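Read the structure below first, then the notes.
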Amino acid sequence: MTNGSRNDKLNAWVKEAADLCRPDAIQWCDGSRAEYDRMMALLKERGMAVPLAKRPNSFLFRTDPSDVARVEDRTYISTRSQEDAGPTNNWVLPDDLKRTMRGLYDGCMKGRTMYVIPFSMGPVGSPISKIGVELTDSPYVVCNMHIMTRVGTSVMEALGPTGGFIPCLHSIGAPLEKGQKDALWPCAPIEKKYISHFPEENLIWSYGSGYGGNALLGKKCFALRIATNMARREGWMAEHMLIMRLTNPEGKRFHIAAAFPSACGKTNLAMMQPSIKGWKCECIGDDIAWMKVRGDGRLHAINPESGFFGVAPGTSYDTNPMAMDTLKENIIFTNCALTDDGDVWWEGMADAPPHAIDWKGRDWTPASREDAAHPNARFTAPAAQCPVICPDWEDPEGVPIDIFIFGGRRSSAVPLVTEAFSWDHGVFMGATAASETTSANIGAVGNLRRDPFAMKPFLGYHMGDYFQHWLAMGDRLGTKAPRIFYVNWFRKSAEGKFLWPGFSDNSRALKWMCERVDGTVGARETPIGLMPRDGDLDLSGLDIAKDNMKALMDVDLKEWKAEVPDIEKHFALFGDRLPARLRKQLEEMKKRLG
Ligand code: SAT
Ligand code: MN
């Protein structure tokens, strides 16, 4: 471990942050295994990391009950003009926000060590990758960053003496006075949490939370909120999308990028093993895609991350066996339950243990009224450990995208699969995407909200301008643009039961998409898009009632007409920054609905 770097800008910034936050010590991270082990030993000693007898080199953490998910209400896009942040972001003038936050940062690392984490989003040295440096007072964050990003010496070398980086300042916001006993999960109360972005300066300031996207600043803060700004300026795309490769029985490859809101099954789809014969699926990423038009005129995607920060509850050998096999060793678990034999457990994993310690550290039995694991409990897992990680997942050139998918959780109205009539219609589908809210954000669960491109919490500028960026990318890609589809795995019957088995059977919808790209399967026109005709979807070997299929594929004109006023209200938010081409799409849909 060296102290200081050859990069003057970096050294000056670290000094400035240290003068403000006043840590007891500064440690520069080298990304080594020894460093990870040291951090974990420290966390174990503090009682924060619980080693798991059943999983080598794996640890369980329990957070403060107030610090369990992203805090959208406390997340800011701070630009000189509020108009540039747009109607979907919280906004405060940069000078004002900085004044408030400087007050909080003042002395906030007293009694703690400040870690300097140089990291690369994307393979080190790739032309698509970008470098960031996170300063944090949380050793838990250091360990997670080791898994989620590429950290250390090689990044410093790539940075060199004059290279640029995105400065990411993080504090849990819990200074320790002399003799004060540390909390098990130190953090600041909700009203003092700030997840702030200054896109005009490519700057990230996060305060008060130690959890997930609030604290691992390479992820949503950099790779989405700041990167969307860079992508817009530089003509590429940063999207909340999984990336996967599907190979058909003839060996032809299709690359898919799919956008669903947090906790709607991106990790499950990314690692899905097809139930249809002869098809193969490999995972490239489960959360974020950076995409650029390359020399062949096509859009190529890389996964900027190197790990999965996945939702644990619901993950099982039935739903996602590849994730389960990824989780055997070297994993950080957060807010799962602890079994008596030293393993983790969560709702939906397997039969409930007779006794466990729940995520709040209390005794738990199946008779307990509360869940043993928090619904947003997570695993942090190295991507390279996934048995179906694509051999090319770190190819610096990325993979050429054939298919975009949008979707969300909808108990009603939205059919299993729909294809857009055109690029503009596909952008309309993305722009109007809606989903029932989940526990990935602090707030009410199950409310329907418009979440365009699954980016509402992650876009770093005005949403209307972002729609225009999508339209412009389509113009640029022309006939080489990916085809666009919309899916809903979550439609329910009148009795409230899921109509579609989901998981590996989602391959049936993906197969239809690939065949649409190849022009080997038909479709029927409906008012909301193109849909499989009877017999177009491969349902071989699937035992599903005819009535279920009918209900899944139903386009209820009454339900869709009822969506229109809500879409109009949603579009009205964007004022004159709503592209006329999207308004036209809405008018055309209204006409088709009659
Ligand atoms: O906490 S994260 O933002 O990283 C996870 C998610 O909500 O997708
Ligand atoms: Mn996500």
Side-chain angles (χ1 to χ4, degrees), residues 61 63-64 66-75 119 121 134 136 138 140-141 143-145 147-149 168 170 172 187 193 195 197 204 206 208-228 238-243 257-271 283-290 303-315 323 332-336 374-381 383 405-409 433 435-443 445 449 451-460:
F61 288 80
T63 72
D64 187 272
S66 71
D67 201 27
V68 292
R70 281 183 292 102
V71 281
E72 289 175 19
D73 286 352
R74 311 291 311 161
T75 300
F119 64 94
M121 299 311 288
E134 176 159 352
T136 181
S138 162
Y140 167 86
V141 166
C143 290
N144 276 271
M145 288 295 283
I147 297 177
M148 295 305 296
T149 72
C168 311
H170 171 250
I172 53 175
C187 64
K193 292 191 202 317
I195 318 298
H197 309 72
I204 300 164
S206 165
S209 167
Y211 197 87
N214 300 333
L216 314 177
L217 302 186
K219 197 174 181 54
K220 311 296 190 181
C221 297
F222 178 176
L224 288 174
R225 298 192 192 99
I226 292 295
T228 46
E239 299 295 334
H240 190 208
M241 290 178 168
L242 68 91
I243 313 167
F260 308 119
S262 300
C264 287
K266 281 202 301 301
T267 306
N268 292 340
L269 187 62
M271 298 177 193
C283 172
I284 294 164
D286 80 329
D287 197 38
I288 298 175
W290 281 2
N303 170 12
E305 301 188 279
S306 59
F308 308 121
F309 185 65
V311 180
T315 306
I332 298 172
F333 294 97
T334 307
N335 287 342
C336 303
H374 186 277
N376 193 41
R378 298 271 173 164
F379 52 77
T380 317
I405 306 177
F406 303 123
R409 281 175 193 271
S435 187
E436 286 142 25
T437 49
T438 70
S439 49
N441 168 47
I442 301 255
V445 169
R449 76 164 176 182
D451 186 354
F453 298 84
M455 284 290 277
K456 182 175 182 289
F458 307 121
L459 180 67

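Because the structure is predicted, anything quoted here is derived from the model rather than measured. The figures here come from the full heavy-atom set of this structure, side chains too, leaving out hydrogens, waters and symmetry mates. Read the numbers this way: they start at 1 and go in the same order the structure lists the ligands and their atoms.
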One thing to verify: whether Lys193 and Asp73 come together as a salt bridge, which I'm taking to mean a side-chain N less than 4.0 angstrom from a carboxylate O. no
Nearest non-hydrogen protein atom, atom 8 (O) of ligand 1: Ser262 OG, 2.8 Å
Arg378 heavy atoms within 4.0 Å reach ligand 1 at atoms 5 (C), 6 (C), 7 (O)
With heavy-atom distances below 4.0 Å as the criterion, list the atoms of ligand 1 near Gly213. 1 (O), 2 (S), 3 (O), 4 (O)
Listing protein N, O or S under 2.8 Å around the Mn ion (ligand 2) gives Lys220 NZ, His240 NE2, Asp287 OD1
Are a donor atom and an acceptor atom from the side chains of Arg70 and Thr75 found within less than 3.5 Å of each other? no
Side-chain donor-acceptor pair present, Asn376, Ser439, cut-off under 3.5 Å: no
Gap between atom CG of Leu217 and atom CD1 of Ile226 - 0.5 Å precision: 10.5 Å
So, regarding Asp287 and ligand 1 (criterion: nitrogen or oxygen to nitrogen or oxygen, under 3.5 Å), is there a contact or not? no
Testing the basics here: between Asp67 and Thr63, what is the closest heavy-atom pair and its distance to 0.1 Å? O-OG1, 3.0 Å
Under 4.0 Å from any heavy atom of Phe309, which atoms of ligand 1 are there? 1 (O), 4 (O)
If the cut-off is 4.0 Å to any non-hydrogen atom of Lys219, which atoms of ligand 1 fall inside it? 4 (O)
Minimum heavy-atom distance Val311-Pro375, with the two atoms named: CG1-O, 3.7 Å
If you count the atoms of ligand 1 from 1 in the order shown, which ones are under 4.0 Å from a heavy atom of Ala440? 7 (O)
Relative to the heavy atoms of Lys220, which atoms of ligand 1 are at a distance of less than 4.0 Å? 2 (S), 3 (O), 4 (O), 5 (C), 6 (C), 8 (O)
Can you tell me if Ser435 and Asp451 form a side-chain donor-acceptor pair at under 3.5 Å? no
Side chain or backbone of Tyr211 under 4.0 Å from ligand 1, or both, or neither, by non-hydrogen atoms? neither
